[in-house]
J.: 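Shown below is the structure under consideration.
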Amino acid sequence: LAKTTQPISMDSYEGQEVNITCSHNNIATNDYITWYQQFPSQGPRFIIQGYKTKVTNEVASLFIPADRKSSTLSLPRVSLSDTAVYYCLVGFNTGGFKTIFGAGTRLFVKA
Amino acid sequence: GAVVSQHPSWVICKSGTSVKIECRSLDFQATTMFWYRQFPKQSLMLMATSNEGSKATYEQGVEKDKFLINHASLTLSTLTVTSAHPEDSSFYICSARNLADEQFFGPGTRLTVL
């Protein structure tokens, strides 16, 4: 069964750069990799999406190696409000096109 | 970005009653919507894939007669929890996929069954 794998938790301090890596060995050829942020009792919020190489927007960067079997979300200069759960999401073309969440990474930013 | 709404945001009901949750894509058309449930401190679990104009595809272990899904238009999918029981209490989240394969999530619905 295809799945994503991320570290369960990470700690950081304000102002630091945080990198969260996700492995997704069975990613479909045409699928994108998307990262979401979730606060308690809220729906996931879109952060960034990419297919290969590097993507950057105003809040994060996404690094994807050539084999696309993993991806790394980079958050520059985190703040306390970045404390949340981060999920990487890919579509697995098994029994139909659907997206499965992994366990996510709980990021705790300290002052 | 695209907006997905859910209604209601929370609901409390008695055991045995049915509850309907609506999911709407407000500024885009979604041929595919997804329904997830999430228990405290756990990840989102995919329940079913809702396709406009056709039957939903349920994940293994999810009872289709218990969780009725209707996707009657390109902007609306509904999830009805039939004969709800306390173990159905959870956070239900929908998402909608646009034509660019981008997936956007609703704010979630907190269901509490007494």
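So you know, we letter chains A, B, ... as the sequences are listed, proteins then strands, and number each from 1.
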J.: Heavy-atom count around B/E87 CD within 6.0 Å, excluding the residue itself: above 12?
T.: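 Check passes, neighbour count above 12.
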
J.: Is B/I69 reachable from B/Y92 through a run of I, L, V, M, F, W or Y residues, each pair having side-chain heavy atoms under 4.5 Å apart?
T.: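 Yes; B/I69 is reachable from B/Y92 via cluster members.
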
J.: B/I93 versus chain A, heavy atoms under 4.5 Å apart: side chain, backbone, both or neither?
T.: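 The side chain, not the backbone.
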
J.: Determine whether more than 12 heavy atoms belonging to other residues, nucleotides or ligands lie under 6.0 Å from atom OH of A/Y13.
T.: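 12 or below, so no.
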
J.: Near A/I8 CD1, under 6.0 Å, is it more than 12 heavy atoms from other residues, nucleotides or ligands?
T.: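 No, CD1 of A/I8 has 12 or fewer neighbouring heavy atoms, counting only those of other groups under 6.0 Å.
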
J.: Mind ranking A/Y32, A/Y87, A/F46 by heavy-atom pairs under 4.5 Å with chain B and telling me who comes out on top?
T.: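 Heavy-atom pairs under 4.5 Å are most numerous for A/Y87.
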
J.: Of all heavy-atom pairs between A/Q38 and B/F91, which one has the smallest distance, and what is that distance?
T.: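 What the structure gives for the nearest pair is NE2-CE2, 4.5 Å.
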
J.: Ring centroid separation for A/Y36 and B/Y36, is it under 6.0 angstrom?
T.: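 Aromatic pair excluded; centres sit 6.0 Å or further apart.
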
J.: Could you tell me whether the side chain of B/Q103 reaches within less than 4.5 Å of the side chain of A/L89, counting heavy atoms only?
T.: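 Side chain of A/L89 against side chain of B/Q103, heavy atoms only: contact under 4.5 Å found.
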
J.: Is it the side chain or the backbone of B/Q42 that comes within 4.5 Å of chain A heavy atoms, both, or neither?
T.: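 The backbone, not the side chain.
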
J.: Could you check whether atom NE2 of B/H85 has more than 12 heavy atoms from other residues, nucleotides or ligands sitting under 6.0 Å from it?
T.: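 Yes, the 6.0 Å shell around NE2 holds more than 12 heavy atoms from other groups.
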
J.: Counting only non-hydrogen atoms closer than 4.5 Å, does A/R106 touch chain B with its backbone (N, CA, C, O), its side chain (CB onward), both, or neither?
T.: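 Only the side chain of A/R106 comes within 4.5 Å of chain B.
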
J.: Looking at B/K20, I want to see if its NZ is surrounded by more than 12 non-hydrogen atoms of other residues, nucleotides or ligands under 6.0 Å.
T.: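 No, not enclosed.
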
J.: What pair of heavy atoms forms the shortest contact from B/S43 to A/F101, and how long is it?
T.: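 Closest approach of B/S43 to A/F101, heavy atoms only: OG-CB, 3.4 Å.
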
